[in-house]
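As the structure is a computational prediction, the values presented were derived from the model and not from experiment.
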Amino acid sequence: MKQAEVMTGNSADPMDLDRRTDRRATRRWITDLDITFRRDGSRAFSGRMIEISRAGCKLATGFTLDRGIRIFITIPGFETFVGVTAWAENEMAGIRLHKELYPAVVDHILSLNPRHSVELNRVHWEMSLDFAIWKVRSLAAQREE
């Protein structure tokens with residue numbers, strides 16, 4: 001599956017001022033998927049997966065999770081992924097998966113919502129979720145033209 005890359009470097013896009021180099025070892029993509037998640041011994045909660053990589057994901061949880069807790073993430077049609085919260089802030093959480101995902105699994109997950117799947121090319125965006133979704137939709141519209 002071909003992904004639209006978010007370009008780094010000198011750009012006419014004023015939002016480039018909000019980016020900084022990201023030192024992650026694995027590539028990651030913006031996405032927008034409904035998920036359920038739970039902690040050990042808790043009930044399931046609804047959330048959104050807004051980024052994914054082979055090594056982890058970023059979730060919009062609706063509340064702030066504790067750091068260092070085990071999380072079980074379910075995407076309809078997939079087996080449950082298990083990870084630990086690497087960071088949590090403002091109703092967002094970064095999850096480090098216990099087992100890296102195979103590239104084909106990441107591609108399959110991204111294919112569930114291809115209009116909102118954009119590769120982050122080793123950048124970190126300092127922006128709101130609303131702006132990130134707007135930016136992804138804007139890039140998807142450009143691909144369709």
Side-chain angles (χ1 to χ4, degrees), residues 1-9 11 13-141 143:
M1 171 190 335
K2 185 175 180 181
Q3 302 295 324
E5 288 187 27
V6 177
M7 301 306 290
T8 60
S11 168
D13 185 348
M15 300 319 299
D16 278 344
L17 299 175
D18 291 316
R19 297 178 188 173
R20 68 174 187 229
T21 302
D22 183 358
R23 293 178 175 83
R24 286 179 174 84
T26 59
R27 293 166 42 189
R28 60 194 174 122
W29 292 264
I30 292 176
T31 191
D32 186 21
L33 294 173
D34 290 321
I35 55 119
T36 57
F37 67 95
R38 67 179 180 81
R39 297 172 286 201
D40 272 328
S42 79
R43 69 175 182 85
F45 297 93
S46 295
R48 311 241 359 121
M49 181 178 290
I50 58 175
E51 287 183 18
I52 188 168
S53 74
R54 290 186 59 201
C57 59
K58 182 177 182 179
L59 304 180
T61 58
F63 57 92
T64 302
L65 294 170
D66 292 328
R67 197 171 163 207
I69 61 171
R70 191 160 56 159
I71 298 288
F72 301 85
I73 302 164
T74 303
I75 300 171
F78 291 84
E79 70 178 55
T80 299
F81 305 113
V82 181
V84 64
T85 54
W87 60 267
E89 180 180 300
N90 299 328
E91 301 182 355
M92 301 284 204
I95 309 299
R96 184 180 320 107
L97 297 175
H98 286 308
K99 254 176 55 175
E100 265 198 14
L101 301 174
Y102 290 106
V105 172
V106 174
D107 283 346
H108 190 184
I109 291 169
L110 293 172
S111 75
L112 298 175
N113 198 350
R115 289 180 49 92
H116 297 114
S117 298
V118 176
E119 182 177 353
L120 289 173
N121 191 14
R122 294 190 180 277
V123 275
H124 177 73
W125 294 34
E126 297 285 338
M127 68 178 110
S128 71
L129 175 59
D130 290 336
F131 178 77
I133 291 171
W134 171 84
K135 185 70 172 180
V136 168
R137 288 179 178 157
S138 172
L139 291 169
R143 283 193 300 194

Show the numbers, then the answer: is there a side-chain contact (heavy atoms from CB on, under 4.5 Å) between L59 and I50? CA-CA 6 Å; L59 304 180; I50 58 175; over 6 Å; no

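Partner of L112 under the side chain to side chain contact (heavy atoms under 4.5 Å, CB included) criterion, out of T31, D32, I75: I75 alone. Each of I95, T36, V82 was checked for a side chain to side chain contact (heavy atoms under 4.5 Å, CB included) with I73, and the lone residue meeting it is I95.
Side-chain atoms of R39 and I71, non-hydrogen and from C-beta on, do get closer than 4.5 Å to each other.
With sequence neighbours excluded, the residues satisfying side chain to side chain contact (heavy atoms under 4.5 Å, CB included) with V105 are F78, F81, L101, Y102, I109. Shown here are the salt bridge (Lys or Arg N to Asp or Glu O under 4.0 Å) partners of R96, two or more places apart in sequence or in another chain: there are none. With sequence neighbours excluded, no residue forms a side chain to side chain contact (heavy atoms under 4.5 Å, CB included) with N90. By the side-chain hydrogen bond (donor to acceptor under 3.5 Å, both in side chains) test, R70 is found to be paired with D40, residues two or more places apart in sequence or in another chain being considered.
Within the structure, every pair that satisfies the side chain to side chain donor-acceptor pair (under 3.5 Å) test and touches residues 74-86, not counting sequence neighbours, is listed here: T74-T80.
Here the closest heavy-atom approach between residue L97 and residue G56 is recorded as CG-CA, 3.7 Å.
Atom SG of residue C57 and atom CD1 of residue I35 lie 7.0 Å apart, to the nearest 0.5 angstrom. Atom CE of residue M92 and atom CD of residue E51 lie 8.5 Å apart, to the nearest 0.5 angstrom. In this structure, the separation between CZ on F37 and OG1 on T61 is 5.0 Å, given to the nearest 0.5 Å.
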